[in-house]
Amino acid sequence: PTFEAKTIPVPRWLPERLVGMQTWRFLRQLAGIAHGPFLRPDGTIGGRTPGYDDASEMLVIGDADWPEIPDAPTDAEVRQAVTTLLNVVREFPFVGPAGKSVWASAVLSAIARPAIAGPVPLHVVDASTRGSGKSKLAKVASLIAEGVEPAMESLTTDDREMDKRLLAVLAEGSRVVVFDNVTGPVGGASLDRFLTSTVYGGRLLGTNTTLKLVNLTVPLVTTNNASVTADTARRCIALRLTPDDDLPEERTFEVPDLEDHVRARRRELLTAGLVILRSHAAKGFPIHAEAFNQADDGTVTTVPVRPKGSFEAWSRVVRHAIIGAGLPDPE
């Protein structure tokens with residue numbers, strides 16, 4: 001038989017009823033879209049082949065040619081993975097060794113986002129001057145984890161407008177979002193609610209319809225010397241860049257086009273991140289009481305690891321994986 005497609009008006013009650021059902025017997029739940037392997041909630045690696053991943057309810061888009069990940073990586077393999085990952089950002093002028101841990105957290109948080117049953121803190125990339133490479137640092141984190149550039153947004157002090165922007169970010173399904181080149185104070189009621197919400201609700205632009213969307217983002221802010229409001233400060237972790245050059249935008253680098261370099265080596269870099277996360281998961285996601293700290297003179301000491309309220313799931317999966325890999329506490 002032959003069929004002819006026709007467009008017919010849909011009665012208003014039909015879509016409202018379908019949306020109200022929330023579950024559909026013959027449709028699989030979609031938690032998100034991934035562009036490569038990721039950490040599942042049970043600590044295993046998913047997404048090595050394209051298609052629907054039942055264990056995580058993620059749809060995987062991309063290639064299937066991914067290196068094998070050891071089920072229980074050795075300490076030597078973890079050290080090599082850390083070296084591989086951090087080598088990408090070796091030319092950035094980080095202040096203190098913990099800055100690299102914060103950047104590593106952005107990468108690992110995006111890779112492990114399906115495994116984090118809760119919000120992820122705001123990663124603040126602060127710089128002393130323009131041209132320091134803060135936006136590039138944020139983009140590279142997304143290119144490794146997701147294979148695509150992050151959603152780039154602007155931050156506003158208008159709380160109602162900010163609420164709409166955050167809702168739009170979630171509706172687009174972006175895993176990594178960067179609020180770029182923020183000049184004013186970082187904070188606000190909507191942003192604070194977004195940073196500690198697993199489900200974010202707001203009114204659809206131009207309507208009276210209220211949406212509730214699952215928050216599976218990894219948020220970053222790039223800024224030059226902007227202040228962070230008191231309520232937002234506890235919801236973020238921060239790194240700082242301070243180039244020695246008077247004109248940092250005119251510097252030359254060993255790797256002139258870092259973004260293309262990362263795209264070409266993404267399999268190796270993403271695999272390194274997965275090795276760090278999988279090692280931590282294979283050990284049962286241990287919680288560390290102490291972390292290493294390195295002073296400016298190179299002296300290494302240990303410091304207590306204090307809980308970070310509202311981000312317990314992120315701490316369990318990512319923060320303690322970083323500490324267990326021998327890096328300073330990103331907090």
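Any value given below was found using the heavy atoms of this structure, including those in side chains, with hydrogens, waters and symmetry copies removed. The model shown is predicted, which means the values in this text are computed figures rather than measured ones.
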>> So, taking the atom named CZ in Arg79 and the one named OG in Ser279, what distance separates them when rounded to the nearest 0.5 Å?
In response: 10.5 Å
>> Looking at every heavy atom in both Pro119 and Phe311, which two are closest together, and how far apart are they?
In response: O-CD2, 3.5 Å
> Is a donor on one side and an acceptor on the other found under 3.5 Å between the side chain of Arg235 and the backbone of Thr196?
Replying inline: no
> Nearest heavy-atom pair of Gly118 and Ala313: which atoms, and what distance?
Replying inline: N-CB, 4.1 Å
> Can you check side chain to side chain contact (heavy atoms under 4.5 Å, CB included) on Leu239 and Leu137, steps first, answer last?
Replying inline: CA-CA 11 Å; Leu239 66 85; Leu137 204 60; 4.0 Å; yes
>> Check for me, please, whether Trp103 and Val95 land in the same ILVMFWY cluster - side-chain distances under 4.5 Å, paths through other members count.
In response: no
>> Please check if the number of heavy atoms outside Arg90 that lie under 6.0 Å from its CZ is greater than 12.
In response: yes
> Which atom pair, heavy atoms only, marks the closest approach of Val176 to Ala110?
Replying inline: CG2-CB, 3.8 Å
> Taking atom types as modelled, is there a side-chain donor on Thr84 or Asn87 under 3.5 Å from an acceptor on the other?
Replying inline: no
> Is Leu220 close to Pro150 at the side-chain level, that is, under 4.5 Å between some pair of heavy atoms?
Replying inline: no
> Does atom CZ of Phe292 have more than 12 heavy-atom neighbours, drawn from other residues, nucleotides or ligands, at distances under 6.0 Å?
Replying inline: no
>> Determine whether a donor-acceptor pair (N or O, by modelled atom type, separation under 3.5 Å) exists between the side chain of Arg40 and the backbone of Ile45.
In response: yes
>> Quick check against the 3.5 Å criterion: does Arg113 have a side-chain atom that pairs as donor or acceptor with the backbone of Thr217?
In response: yes
>> Does Leu85 form a side chain to side chain contact (heavy atoms under 4.5 Å, CB included) with Ile144? I'd like the steps, not just the answer.
In response: CA-CA 9 Å; Leu85 194 61; Ile144 294 173; 4.2 Å; yes
>> So Val303 and Glu290, do their side chains get closer than 4.5 Å, heavy atoms only?
In response: no
> Under a 4.5 Å side-chain heavy-atom rule over Ile, Leu, Val, Met, Phe, Trp and Tyr, are Leu195 and Val169 clustered together?
Replying inline: yes
>> Is any side-chain heavy atom of Arg234 closer than 4.5 Å to one of Ser310?
In response: yes
>> Can you classify the ring geometry of Phe92 versus Phe94 as parallel (below 30°), tilted (30 to 60°) or perpendicular (above 60°)?
In response: tilted
> Are side-chain heavy atoms of Ser128 and Leu241 found at a separation under 4.5 Å?
Replying inline: no
> For the side chain of Arg278 and the backbone of Gly43, is there at least one donor-acceptor N/O pair under 3.5 Å apart?
Replying inline: yes
> For the atom pair CG (Leu166) and CG (Leu213), what is the distance rounded to the nearest 0.5 Å?
Replying inline: 11.0 Å
> For Ile33, does its backbone N or O pair with a side-chain atom of Arg175 as donor and acceptor, under 3.5 Å?
Replying inline: yes
>> Quick one: does any side-chain atom of Thr222 pair with a main-chain N or O of Asn181 as donor and acceptor, under 3.5 Å?
In response: yes
>> With heavy-atom distances below 4.5 Å as the criterion, would you say the side chains of Ile323 and Val305 are in contact?
In response: yes
> Is the closest basic N to carboxylate O distance between Glu312 and Arg316 below 4.0 Å?
Replying inline: no
> Are Pro41 and Ser56 side-chain neighbours, meaning at least one heavy-atom pair lies under 4.5 Å?
Replying inline: yes
>> Please enumerate all residues that pass salt bridge (Lys or Arg N to Asp or Glu O under 4.0 Å) together with Lys212, with sequence neighbours excluded.
In response: none
>> Test salt bridge (charged side-chain N to carboxylate O under 4.0 Å, His left out) on Asp329 and Lys100; report intermediate values, then the result.
In response: CA-CA 10 Å; Asp329 184 357; Lys100 291 182 180 179; over 6 Å; no
>> Determine whether Ser197 and Arg193 satisfy the following criterion, side chain to side chain donor-acceptor pair (under 3.5 Å), listing intermediate values before the conclusion.
In response: CA-CA 6 Å; Ser197 298; Arg193 182 164 58 91; 5.5 Å; no
>> Could you tell me if Asp126 and Thr223 have a donor-acceptor pair between their side chains, going purely by distance under 3.5 Å?
In response: no
> How long is the gap from CG on Leu216 to OH on Tyr200, to the nearest 0.5 Å?
Replying inline: 15.5 Å
> Should Asn224 and Thr129 count as side-chain neighbours, where that means a heavy-atom distance under 4.5 Å?
Replying inline: no
> Given the rule in the side chain to side chain donor-acceptor pair (under 3.5 Å) test, do Asp42 and Thr44 qualify, once you have shown the distances and angles that lead to the verdict?
Replying inline: CA-CA 6 Å; Asp42 63 0; Thr44 59; 2.6 Å; yes
> Are the side chain of Asn293 and the backbone N or O of Thr301 linked by a donor-acceptor pair below 3.5 Å?
Replying inline: no
> Of the non-hydrogen atoms in Leu39 and Pro114, which two are nearest, and what is the gap between them?
Replying inline: O-CB, 3.8 Å
> Any ion pair linking Glu331 and Arg319 (charged N to carboxylate O, less than 4.0 Å)?
Replying inline: no
>> What verdict does the side chain to side chain contact (heavy atoms under 4.5 Å, CB included) test give for Leu277 and Leu108, after you've listed the backbone C-alpha separation in whole Å, the side-chain angles of each residue and the deciding distance to 0.1 Å?
In response: CA-CA 7 Å; Leu277 291 166; Leu108 299 182; 4.1 Å; yes
>> According to a hydrophobic-cluster definition based on side-chain heavy atoms being under 4.5 Å apart (Ile, Leu, Val, Met, Phe, Trp, Tyr only), do Leu170 and Val120 belong together?
In response: no
>> Does Lys308 form a side chain to side chain contact (heavy atoms under 4.5 Å, CB included) with Trp314? I'd like the steps, not just the answer.
In response: CA-CA 9 Å; Lys308 190 168 183 63; Trp314 166 80; 4.0 Å; yes
>> Quick check against the 3.5 Å criterion: does Ser142 have a side-chain atom that pairs as donor or acceptor with the backbone of Val148?
In response: yes
>> Keeping Thr156 on the side-chain end and Asp158 on the backbone end, is there a donor-acceptor pair under 3.5 Å?
In response: yes
> When you measure from the side chain of Glu91 to the backbone N and O of Glu254, does any donor-acceptor pair fall under 3.5 Å?
Replying inline: yes
> Ser154 and Arg165: side-chain donor and acceptor closer than 3.5 Å?
Replying inline: yes
> Is it true that the NZ or CZ of Arg267 lies under 6.0 Å from the centre of Trp66's six-membered ring and within 45 degrees of the ring axis?
Replying inline: yes
> Is it the case that one hydrophobic cluster holds both Ile322 and Ile116, taking links as side-chain heavy atoms less than 4.5 Å apart, direct or via other members?
Replying inline: yes
> In a check of side-chain contact (heavy atoms from CB on, under 4.5 Å) between Phe194 and each of Leu167, Asn215, Leu122, Asp163, which one passes?
Replying inline: Asn215
> Between His280 and His320, what is the ring plane arrangement, given parallel below 30°, perpendicular above 60°, and tilted in between?
Replying inline: parallel
>> Checking side-chain polar atoms at under 3.5 Å, does Thr232 have a donor or acceptor matched by the opposite partner on Asp192?
In response: yes
> So do Ile61 and Pro50 actually touch side chain to side chain, heavy atoms under 4.5 Å?
Replying inline: no
> Linking I/L/V/M/F/W/Y whenever their side-chain heavy atoms sit closer than 4.5 Å, directly or via other members, would Val218 and Val221 fall into one cluster?
Replying inline: no
>> Run Glu149 and Arg263 through salt bridge (charged side-chain N to carboxylate O under 4.0 Å, His left out) and show every step you take.
In response: CA-CA 10 Å; Glu149 291 196 2; Arg263 289 186 182 96; 3.4 Å; yes
>> Please find the pair of heavy atoms, one from Val178 and one from Ala138, that lie closest to each other, and give the distance.
In response: CG2-CB, 3.9 Å
>> Tell me the closest heavy-atom pair linking Ala127 and Lys134, and the distance in Å.
In response: CB-CD, 4.0 Å
